[in-house]
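Below: the structure, in structure tokens.
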Number of protein chains: 2
Amino acid sequence: MPSPNPALSRKEREFIAREELILKHARRLLLEKGFQAWNMEQLAEAVEYSKGTLYQHFSSKEDLVLGVATQSLRQRADLFEKATTFQGKTRERCRAIGFACCEFAMAHPDYFHTDMMLKSSSFIEKASAERQQAHAFEGMRCWRAINTIIIEAMALGDLPKDRVTAEQATFALVSVTVGSHIMGQEPNLKVFAGIKDQMQAVRLNQDLICDGLGWKPLLHEHDYRATDLRILKEIFPSASKWLKAA
Amino acid sequence: MPSPNPALSRKEREFIAREELILKHARRLLLEKGFQAWNMEQLAEAVEYSKGTLYQHFSSKEDLVLGVATQSLRQRADLFEKATTFQGKTRERCRAIGFACCEFAMAHPDYFHTDMMLKSSSFIEKASAERQQAHAFEGMRCWRAINTIIIEAMALGDLPKDRVTAEQATFALVSVTVGSHIMGQEPNLKVFAGIKDQMQAVRLNQDLICDGLGWKPLLHEHDYRATDLRILKEIFPSASKWLKAA
DNA sequence: AAATAATTTGACCAATGGTCAAATTATGGC
DNA sequence: GCCATAATTTGACCATTGGTCAAATTATTT
């Protein structure tokens, strides 16, 4: 929750507050109904303003949805950067990002679906250039958080440099994470794969990539249970519900 | 291309042929413009029938798109099953599926985007139950092709059973594959990850998962270049363009 | 309190997914 | 070949909805 900036005029603060109100309700509708099953009129009613006022904040419905997604992505980046501050071996810090990602996914169960929609060029092209840029920026923050740890791991010798480049390793981790979150929401697959705890499945897949990369210490070489407890306690105390699962 | 079934009447054959024509043009529009930037009227013009006739084949625009996606997915499953017939070690056969997946992705560059749209419940619920079922069926065929090899690999001792279950391993491979294809289409990420050959990136990530699973022989224990050449020659001769890249 | 500026509104428009009665075409009997 | 009936195709029409903008309302200044 950003605190009101006293340097802004009352008008400006009201404008920002209203934008947040709109985004809040749009997020709820998006979560409850997806993209199609609600319209701008309904949203206008929900926020108790008229449709015309909505269009003073957002150039199109797509622009609005991108705004919601970027808000989420910013939180994701915040969590990622917070995770990188974990004190420990490089792979433990990578693991902290894994928890950050799951913490985020639980708070934003609709995010990955929305983000997949955004990847359609015909969709995102209807959003304003400013919001497109803001979204790319927050995405880059997430990417850099991972990439930075990987570069450091390679410098320290935790992660062999001869197999893949730092960028390839980053791409692998990003891909497996996004893929796991998306596939983990597929009802059919969940049943057949016998997935009970989706977040655990995501983190297992991240571990498999890290092991495949030869990132020391490997899964069986170290007691990561202790690490996990520390990550949850120090970095994500609100996520203590995972303690039993981890 | 399915050959006409003589057991059907002329009318029935014509109906099927027309449905394929519609799907063909819908696929083209979907590839060129995504989902939103074309309408049923335009499609009707393209196939030289009226809008009403389209709705004798498809219950909604979403139903139509699902039809296109299922057609693609069927080809994917065909390629996967073909790949499983490769003669060799279990991990080599898994690799053949990796090539099958890339062969498919090159032939259907829009597939993963479309499929992500389908995952939105508000979208797929507008399609007919029959087509929903058909899509799930083809998806299951892909899943089973991978799962079968993994089960066999565990039975033969190529793949350790003590780390993960066969279903977890399958889920990991599916996730990394889908995630890599999707992320590999992200323009920003492609630049920053320095990805030149997207398909190579997908297969590298699959290799990392397999290595992480401890699937013997590991990447550095075996000359997979020779395997790759055989896969391309024996299973996907039309994909010889990859020879230099592989 | 009046004049002016800024903001909000909702009637209105255009585009489009979907429907269905009418028109057209095909089929079958004689 | 012709008529009657059935099957199919059509496009005018409808309802919904994203987006616009002149008029109404509210706030600010003089």
Side-chain angles (χ1 to χ4, degrees), chain A residues 8-23 25-26 29-30 32-68 114 117-118 120 122-129 131, chain B residues 8-23 25-26 29-30 32-68 114 117-118 120 122-129 131:
Chain A
L8 300 173
S9 70
R10 176 175 62 80
K11 284 286 172 90
E12 287 169 317
R13 276 180 280 123
E14 281 175 357
F15 188 85
I16 290 170
R18 191 171 60 183
E19 185 148 316
E20 273 166 16
L21 179 73
I22 296 170
L23 286 169
H25 280 89
L29 288 168
L30 217 42
E32 287 171 5
K33 304 174 180 243
F35 178 70
Q36 300 203 42
W38 55 276
N39 58 45
M40 298 299 273
E41 194 63 49
Q42 286 166 32
L43 176 60
E45 271 176 42
V47 297
E48 294 184 281
Y49 284 96
S50 73
K51 208 160 53 156
T53 301
L54 298 184
Y55 282 92
Q56 282 195 332
H57 291 265
F58 303 96
S59 67
S60 66
K61 193 179 180 185
E62 284 81 2
D63 194 42
L64 172 59
V65 171
L66 179 59
V68 174
T114 306
M117 257 184 352
L118 294 179
S120 170
S122 71
F123 190 102
I124 201 158
E125 277 167 8
K126 288 185 185 159
S128 64
R131 262 182 248 274
Chain B
L8 300 173
S9 70
R10 176 175 61 80
K11 284 285 174 87
E12 287 169 316
R13 275 180 281 124
E14 280 176 358
F15 188 86
I16 291 171
R18 190 171 60 186
E19 185 148 318
E20 275 167 14
L21 179 74
I22 296 170
L23 286 169
H25 280 89
L29 288 169
L30 216 44
E32 288 171 4
K33 303 171 181 249
F35 178 69
Q36 300 202 42
W38 56 276
N39 59 43
M40 297 300 272
E41 195 63 49
Q42 285 166 34
L43 176 59
E45 270 176 44
V47 297
E48 293 184 282
Y49 284 96
S50 74
K51 208 160 56 157
T53 302
L54 298 183
Y55 281 92
Q56 281 194 330
H57 290 265
F58 303 96
S59 67
S60 66
K61 193 179 179 184
E62 284 81 1
D63 195 43
L64 172 59
V65 170
L66 179 59
V68 173
T114 306
M117 260 184 350
L118 294 178
S120 170
S122 72
F123 190 103
I124 201 158
E125 276 165 9
K126 287 185 185 159
S128 64
R131 261 182 249 274

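Reminder, nothing fancy here: chain letters follow the sequence lines and each chain counts from 1.
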> Within the structure shown, what part of the strands sits under 4.0 Å from A:E41 by heavy-atom distance: base, sugar-phosphate, or nothing?
Replying inline: nothing

Taken to the nearest whole Å, CD/B:Q36 to P/D:dT17 is 14 Å

The answer to which of A:R18 and B:F35 contacts DNA chain C further toward the 5' end, by nearest nucleotide, is A:R18

In whole angstroms, the gap separating C1' of D:dG18 from CD of A:E62 amounts to 9 Å

By the 4.0 Å heavy-atom rule, please label A:S59 as base, sugar-phosphate, or nothing.
nothing

One should read off an interatomic distance between A:L21 CG and A:I16 CD1, to the nearest 0.5 angstrom, of 14.0 Å

Outer limits of DNA chain C sitting under 4.0 Å from a non-hydrogen atom of chain B, read 5' to 3', are C:dT16 to C:dT27

Contacts of A:T53 meeting side chain to side chain contact (heavy atoms under 4.5 Å, CB included) (sequence neighbours excluded), chain-then-number -> A:R18, A:Y49, A:S50

Those residues at least two apart in sequence (or on a different chain) that pass side chain to side chain contact (heavy atoms under 4.5 Å, CB included) with A:Q36 are B:F35, B:E62, B:F123, B:K126

Distance col, row A:K61:NZ vs A:L66:CG, nearest 0.5 angstrom, shows 14.5 Å

For B:T114, the side chain to side chain contact (heavy atoms under 4.5 Å, CB included) test, sequence neighbours excluded, returns B:L30, B:V65, B:A69, B:D110, B:M117

Is there a side-chain contact between A:F58 and A:L23 (heavy atoms, below 4.5 Å)? yes

In whole angstroms, the gap separating P of D:dT17 from CE of A:M40 amounts to 13 Å

So the salt bridge (Lys or Arg N to Asp or Glu O under 4.0 Å) pairs with at least one residue in residues 33-46 of chain B (sequence neighbours excluded) are B:E41-B:K51

Student check: side-chain heavy atoms of B:L43 and B:L29 closer than 4.5 Å
yes

Ordered by number, residues from residues 44-54 of chain B within less than 4.0 Å of DNA chain D (heavy atoms) are B:Y49, B:S50, B:G52, B:T53

